[in-house]
2 protein chains.
Amino acid sequence: MAAVGRLAGVSQVTVSRALSHPEKVSPDTLQRIRDAIEATGFVPNALAGALASKRSHLISALVPSLTNIVYASFIATFSAQLRSHGYQVLLSETGFDTTSEQDLIATHLSRRPDAMLLTGIHHSQQARRSLLGADIPVVEVWDITDSPIDMCVGFNHVDAGRAVANFLYEQGHKNAATITANDERALRRQSAFSETFTQLSGNAVLNSNTGGPASIGAGRRALAHLIDDTGFQRGAVFCSSDLLAHGVLIEARARGLCVPGDMAVMGFGDQDFARDLEPALTTVAIDRLALGSVAAEALLARLVRPDTKQSIFDLGFKILRRASA
Amino acid sequence: MAAVGRLAGVSQVTVSRALSHPEKVSPDTLQRIRDAIEATGFVPNALAGALASKRSHLISALVPSLTNIVYASFIATFSAQLRSHGYQVLLSETGFDTTSEQDLIATHLSRRPDAMLLTGIHHSQQARRSLLGADIPVVEVWDITDSPIDMCVGFNHVDAGRAVANFLYEQGHKNAATITANDERALRRQSAFSETFTQLSGNAVLNSNTGGPASIGAGRRALAHLIDDTGFQRGAVFCSSDLLAHGVLIEARARGLCVPGDMAVMGFGDQDFARDLEPALTTVAIDRLALGSVAAEALLARLVRPDTKQSIFDLGFKILRRASA
DNA sequence: TTGTACGCGTTATCAT
DNA sequence: ATGATAACGCGTACAA
């Protein structure tokens, strides 16, 4: 900056002002400074800026997995929204692991983010302490609680599981099975579904866990297992994600089963491909776009007015009836 | 740090040392310092550290799209590898746009990353200048060139397109069509395929561009268009990604066409679901895992020994013959 | 093994 | 409208 200033015939401070508050600098010195910046190829040092101003314009975000399209698309919206307000997002994957999340929180906090996004409402005690100590806005997404660390935006997974149970029961199904990926929130939906459906139908639900991330292959294998090993025959299958449901659809067809005639299949998430499958997938729609932008807006609001009141955003969900159930 | 030091009865520097070079501090002062850190909840300020040491331990990465699983999984590997070496990755989406990439490069450079990853080998002139000026290791991925900015790791897209043309021709196909997403590298594969296939078969190839990102829906619509509007009937369809090919498979089945009997379908990328489709998808395998880790290793090598020699890593590709072609 | 002094490149405050 | 000066919180060099 000093070098740029020398070239423009002003002091270092004026260069700083030209960059941060151009309106406080006279038009022609501004131009000279801009020319000098152009000529020198000067790139401001945001580290120094953040150190001096105590604002990093960095927002850190912790998601379980980047390769899960659900989180990836959420983050894309969230990042775009924040970028348009001059913030950059520092992203990490926790791998659905609370301890790993805790370590990442410490690492991220050392970069002094202006705010932080966390996925889910379950965090280690140490994590909560660090966050509280950091004294920055925090938003927890994809779930809802009455006592967020700071703010939360998401929906109620127990309600969602129950709603699906009611929906399938009302379609006339008396038997049901579930196929769930190894994700705490999905498991919560599963048990809510299972409990409600059993209560309604009087029949036990066959619950299965893929033991890993959701994928088409995992869905195929899970249905195969359900049919071959546990004797599941007819009824409804509630999958914890559209990807699993997609696999179920493929496996069912490969076995000559008709969907929904022989077996009804329900997904979760309403991913873009859900409507393009044959049969089109009945699923639970989550407004991921809204999730991302509400989370971003919530943080931005706190950043501007630290005493903003609303802190719990329930975005709900919607059952989308298509052809598969 | 000074406060921690007071509590531990040492000076600020000793605290700094305890954190960065624990072996240079006597065991019991080390313990006292650690206790003090624990007691105060001290979190080191990486911004100040980076400013003083001129090493940010930050590596910035620019990818076209996060919601494209291909890039997402690549980045997951890349990030994990770097994290295990004490680096954090600052990630942004360029949206396949060179101008947007150029702006992001400037923003990222202001955070003084220790290295940078770029996708592709085509960048604006200004971008190249900034990067050269920053004087940090740069790796360009997903493509190969003789004159990278610094290093590159990927494969040759023209060779890939040609190889697919040869493969399909050798399978006995005389007619072919292509369905390509709006991606510069995919378009390069398309035209190499098209040229080679025409040369071999003497028949023109029906090239189509989805005009947007790859998706199952886009694949369905593209095949429908190909059949309904351009009169494509039998032959091979080369899709620029497995996702498009997946859509083609669905649309073909919905129209009662047999794959590969009536129509052969080929994808690109060998995504995890490719083997789980019916019929299993014939595709071109790219070792994304290797791509991510080689890119990370290349940067790490440069960071340790700035004069490391090798700078071009051709990881190749492999045609995976399954059932669809 | 520990401490002192200084500088990293900005922004904030106060003057002019 | 512009400048001088003092932080910001740490690492490095050098000294003890």
Side-chain angles (χ1 to χ4, degrees), chain A residues 1-34 36-37 40-58 86 88 106-114 133-136, chain B residues 1-34 36-37 40-58 86 88 106-114 133-136:
Chain A
M1 262 186 185
V4 170
R6 266 193 303 280
L7 219 153
V10 294
S11 79
Q12 173 264 325
V13 212
T14 308
V15 177
S16 171
R17 255 194 294 259
L19 258 22
S20 320
H21 310 280
E23 76 283 0
K24 300 201 156 198
V25 168
S26 83
D28 68 316
T29 55
L30 186 57
Q31 193 50 56
R32 289 201 324 273
I33 290 174
R34 290 196 165 141
I37 288 176
T40 52
F42 168 75
V43 178
N45 185 324
L47 297 175
L51 185 60
S53 68
K54 298 181 177 306
R55 312 199 71 245
S56 61
H57 290 277
L58 202 67
Q88 261 180 101
T107 312
H108 277 237
L109 285 182
S110 75
R111 304 249 176 223
R112 296 297 187 265
D114 290 341
D135 194 36
I136 54 175
Chain B
M1 264 187 185
V4 170
R6 267 193 302 280
L7 219 152
V10 293
S11 79
Q12 171 260 324
V13 216
T14 309
V15 178
S16 170
R17 257 194 293 259
L19 258 22
S20 322
H21 310 282
E23 75 283 359
K24 300 202 155 197
V25 168
S26 82
D28 68 315
T29 55
L30 186 57
Q31 193 50 57
R32 287 201 325 272
I33 290 174
R34 290 196 166 142
I37 287 177
T40 52
F42 169 75
V43 178
N45 186 325
L47 297 174
L51 186 60
S53 68
K54 298 182 177 305
R55 311 198 73 245
S56 62
H57 291 275
L58 202 67
Q88 262 180 103
T107 312
H108 277 235
L109 285 182
S110 76
R111 306 250 176 220
R112 296 298 186 265
D114 290 340
D135 194 36
I136 53 175

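Just so it is clear: chains get the letters A, B, ... in the order the sequence lines come, proteins before strands, and each one is counted from 1. Quick caveat: nothing in here was measured; it's all calculated off a predicted structure.
With sequence neighbours left out, the side-chain hydrogen bond (donor to acceptor under 3.5 Å, both in side chains) criterion links A/Thr29 to A/Ser26. A search for salt bridge (charged side-chain N to carboxylate O under 4.0 Å, His left out) contacts involving B/Asp28 returns B/Arg32, not counting sequence neighbours. Under the side-chain hydrogen bond (donor to acceptor under 3.5 Å, both in side chains) criterion, A/Arg55 pairs with A/Tyr87, not counting sequence neighbours. For A/Asp114, the side-chain hydrogen bond (donor to acceptor under 3.5 Å, both in side chains) test picks out A/Ser56, with sequence neighbours left out. Contacts of B/Ser110 classified as side-chain hydrogen bond (donor to acceptor under 3.5 Å, both in side chains), with partners at least two apart in sequence or in another chain: none.
For B/Lys54 and B/Leu30, each mapped to the nucleotide of DNA chain C holding its nearest heavy atom, the one lying further toward the 5' end belongs to B/Leu30.
Distance check: A/Ile136 CD1 to A/His108 NE2 gives 11.0 Å after rounding to the nearest 0.5 Å.
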With a 3.5 Å cut-off and sequence neighbours excluded, list the donor-acceptor pairs that the side chains of residues 5-22 of chain A form with protein atoms.
| unit_1 | atom_1 | unit_2 | atom_2 | d |
| --- | --- | --- | --- | --- |
| A/Ser11 | OG | A/Val13 | N | 3.4 |
| A/Ser20 | OG | A/Ser16 | O | 3.1 |

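Here chain A contacts DNA chain D (any atom closer than 4.0 Å to a heavy atom, that is under 4.0 Å), and the contacts span D/dA1 to D/dG9 from 5' to 3'.
Rotation axes derived from the C1' atoms of the five outermost pairs at either end of the helix from C/dT1-D/dA16 to C/dT16-D/dA1 lie 30° apart, to the nearest 10°.
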Once base and sugar-phosphate atoms are separated, protein heavy atoms under 4.0 Å mark nucleotides 10-16 of chain C, 5' to 3', with B, S and - as BBB----
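Put simply, the side chain of A/Leu58 reaches to within 4.5 Å of the side chain of B/Arg111, judged on heavy atoms. Annotation: side chain of A/Leu51 is in contact with side chain of B/Asn45 (closest heavy-atom distance under 4.5 Å).
Nearest heavy-atom pair across A/Ala134 and A/Leu109 is CB-CD2, 3.7 Å.
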